[in-house]
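Below: one structure, written as structure tokens.
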Number of protein chains: 2
Amino acid sequence: MSTAEGIRRIALTPAARRALEAAGRLFYARGIHAVGVDLIAAEAGVTKKTLYDRFGSKEQIVVEYLAERDERWRTFLAGRLDAERPARERVLTVFDASRAWALENSPKGCSMVNAHAEISDPAHPAYPIITGQKQWMLDLFTGLCADIDPDRADRLGRTLMLLHEGALVAHGLNVFADPIAHARDEAGALLAAAGE
Amino acid sequence: MSTAEGIRRIALTPAARRALEAAGRLFYARGIHAVGVDLIAAEAGVTKKTLYDRFGSKEQIVVEYLAERDERWRTFLAGRLDAERPARERVLTVFDASRAWALENSPKGCSMVNAHAEISDPAHPAYPIITGQKQWMLDLFTGLCADIDPDRADRLGRTLMLLHEGALVAHGLNVFADPIAHARDEAGALLAAAGE
DNA sequence: CCTCCACTATACAGATCGGTATACATTGGG
DNA sequence: CCCAATGTATACCGATCTGTATAGTGGAGG
């Protein structure tokens with residue numbers, strides 16, 4: 001349900017939680033390779049010994065960072081998606097949730113996309129988290145569209161996916177004002193014309 | 001016209017050209033911070049002395065990498081955009097060009113977006129190249145839409161921008177097959193309904 | 001009391017980072 | 001013919017990288 005793979009297995013002690021919080025903040029803001037473990041330790045008020053006792057390697061910290069962010073986003077979205085509402089409305093809710101999430105968590109765009117810029121190797125343990133989230137979002141859109149216009153669900157779902165991803169990028173690069181709201185409106189127009 | 005700022009000023013001697021080619025290939029594939037100058041020098045068959053004689057710093061190599069890639073893309077696109085054709089068709093040509101470019105140059109998505117994941121500081125000399133290209137693309141789409149439906153040019157241009165950016169991301173992350181062709185078709189459908 | 005556990009503190013290893021210095025070879029143009 | 005530009009080769013700098021080793025502290029539970 002939540003994170004596709006059973007990747008998270010580390011018990012987060014208080015110090016480990018602080019470290020993961022600091023690592024996530026730094027990774028997102030500066031990039032993964034630009035942040036060293038010494039900086040993470042210092043920023044979290046934790047020694048490197050503790051870091052390596054809890055996580056074992058920097059790579060594992062990266063994995064935990066992405067897995068937690070993925071899980072948080074899915075939980076955040078699930079908490080706003082009311083299964084009772086019609087599918088058309090739920091699609092708009094996805095964009096609304098994305099907008100709210102981006103405003104307070106993602107000034108620099110999607111963390112998965114940004115991580116993918118630095119982690120190209122498909123054998124990297126964090127890779128399935130990245131592609132998994134995108135696949136999950138596509139399936140979500142397509143599934144909602146199946147309730148609106150079953151014949152065009154695949155096509156509609158993919159278009160919503162592109163609008164959504166494009167909006168996240170445009171948001172991160174400040175291409176124009178409030179692109180996620182714009183994407184929401186376009187999604188609404190698209191769905192208004194569908195399923196009639 | 002070509003690159004917005006007058007950033008490029010280095011005369012590219014043969015060794016410098018080889019170095020820039022290697023640097024670009026490595027930066028794109030592995031990420032900017034993950035590639036050291038020693039590796040660039042070795043891969044290009046050039047000494048570090050030559051690198052620093054030509055470029056002065058790693059940062060400048062990064063700037064040249066992005067400036068050249070930006071310039072190449074604009075030239076590539078300009079060579080395919082026939083000013084004689086109607087605007088609707090030219091929009092589709094942009095997507096066709098983007099698809100062809102991505103297939104042979106960008107298996108990992110947009111190099112500007114990927115660079116932005118590692119260069120967050122707006123004061124970085126490469127920053128205006130990144131945002132400049134996105135702004136240029138938005139203006140291009142909006143300008144074309146002004147010839148189709150002047151009243152909705154801004155809105156249409158932004159939507160095309162989102163579809164295009166989303167397609168590049170989806171292409172880089174392999175979310176589904178041939179997303180840029182899908183975006184092209186959706187752009188066509190969008191414009192068919194406009195300006196009537 | 002005693003053991004386990006999470007944690008701190010510090011020092012260090014080996015490699016790599018961006019960048020510089022010295023010395024020498026090759027080349028083309030005035 | 002000389003000179004400047006371009007290049008190679010190699011050694012080095014201090015800083016930082018991931019990761020490890022040693023030693024010790026404080027609290028919770030049986």
Side-chain angles (χ1 to χ4, degrees), chain A residues 8-66 115 117-121 123-127, chain B residues 8-66 115 117-121 123-127:
Chain A
R8 158 76 52 65
R9 36 195 80 235
I10 287 178
L12 287 184
T13 61
R17 176 146 291 287
R18 264 182 295 148
L20 190 54
E21 181 278 326
R25 181 166 36 80
L26 292 165
F27 283 158
Y28 182 78
R30 308 189 192 181
I32 292 171
H33 285 125
V35 173
V37 290
D38 294 271
L39 178 60
I40 295 172
E43 200 83 0
V46 159
T47 59
K48 278 207 294 174
K49 179 78 164 61
T50 300
L51 269 194
Y52 279 91
D53 283 347
R54 296 298 129 234
F55 296 95
S57 68
K58 180 189 177 180
E59 187 174 79
Q60 190 59 33
I61 302 179
V62 174
V63 170
E64 299 283 341
Y65 153 59
L66 292 172
E118 300 194 75
I119 302 173
S120 37
D121 180 14
H124 193 288
Y127 202 84
Chain B
R8 159 76 48 66
R9 37 193 79 236
I10 288 178
L12 287 184
T13 62
R17 176 146 291 287
R18 264 182 295 149
L20 190 54
E21 182 278 325
R25 180 167 37 83
L26 292 165
F27 283 157
Y28 183 76
R30 308 190 192 182
I32 292 171
H33 285 125
V35 173
V37 291
D38 294 88
L39 179 59
I40 295 172
E43 200 84 359
V46 158
T47 59
K48 279 208 291 176
K49 176 77 160 61
T50 300
L51 270 193
Y52 278 91
D53 283 348
R54 296 299 124 231
F55 296 95
S57 69
K58 180 188 177 182
E59 187 174 78
Q60 189 58 35
I61 301 179
V62 174
V63 170
E64 299 282 340
Y65 153 58
L66 291 172
E118 300 194 75
I119 302 174
S120 37
D121 180 14
H124 193 289
Y127 203 83

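We name chains A, B, ... by the order of the sequence lines, and we start the count at 1 in each one.
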Practice item. Applying side-chain contact (heavy atoms from CB on, under 4.5 Å), run through A/Gln60 and A/Val63 and close with a yes or a no. Key: CA-CA 5 Å; A/Gln60 190 59 33; A/Val63 170; 4.1 Å; yes

Review point. Should A/Arg54 and A/Val46 be marked as a side-chain contact (heavy atoms from CB on, under 4.5 Å) after you check the CA-CA gap, both sets of side-chain angles, and the distance that decides it?
Key: CA-CA 11 Å; A/Arg54 296 298 129 234; A/Val46 159; over 6 Å; no

Point to revise | More than 12 heavy atoms of other groups within 6.0 Å of A/Arg18 CZ | key: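 For A/Arg18, atom CZ is crowded (more than 12 foreign heavy atoms under 6.0 Å).
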
**Study point:** Position toward the 5' end of DNA chain D (nearest nucleotide), A/Ala34 or B/Pro14
**Key:** B/Pro14

Practice item. Check DNA chain C against residues 45-57 of chain A and give the residues with a non-hydrogen atom under 4.0 Å, in numerical order. Key: A/Gly45, A/Val46, A/Thr47, A/Lys49, A/Thr50, A/Arg54

Practice item. Could you walk me through whether A/Thr50 and A/Thr13 pass side-chain contact (heavy atoms from CB on, under 4.5 Å), step by step? Key: CA-CA 10 Å; A/Thr50 300; A/Thr13 61; 5.7 Å; no

**Study point:** Bounds of contact between DNA chain D and chain B, in 5' to 3' order, using a heavy-atom cut-off under 4.0 Å
**Key:** D/dT6 to D/dA9

Check your understanding: Would you say B/Lys58's side chain and B/Val35's backbone share a donor-acceptor pair under 3.5 angstrom?
Key ->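 Looks like yes, one N/O pair under 3.5 Å.
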
Point to revise | Main-chain N/O of B/Arg30 paired to A/Ser120 side chain as donor or acceptor, under 3.5 Å | key: no

Practice item. Check the pair B/Val62, B/Phe27 against side-chain contact (heavy atoms from CB on, under 4.5 Å), reporting the backbone distance first and the verdict last. Key: CA-CA 8 Å; B/Val62 174; B/Phe27 283 157; 3.9 Å; yes

Exercise for review: Quickly work out the A/Asp38 CG to C/dT10 P distance and round it to whole Å.
Suggested key: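 For the pair A/Asp38 CG and C/dT10 P, the rounded distance is 14 Å.
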
Practice item. Give a yes or no on whether a salt bridge exists between A/Glu21 and A/Arg25, defined as a side-chain N under 4.0 angstrom from a carboxylate O. Key: yes

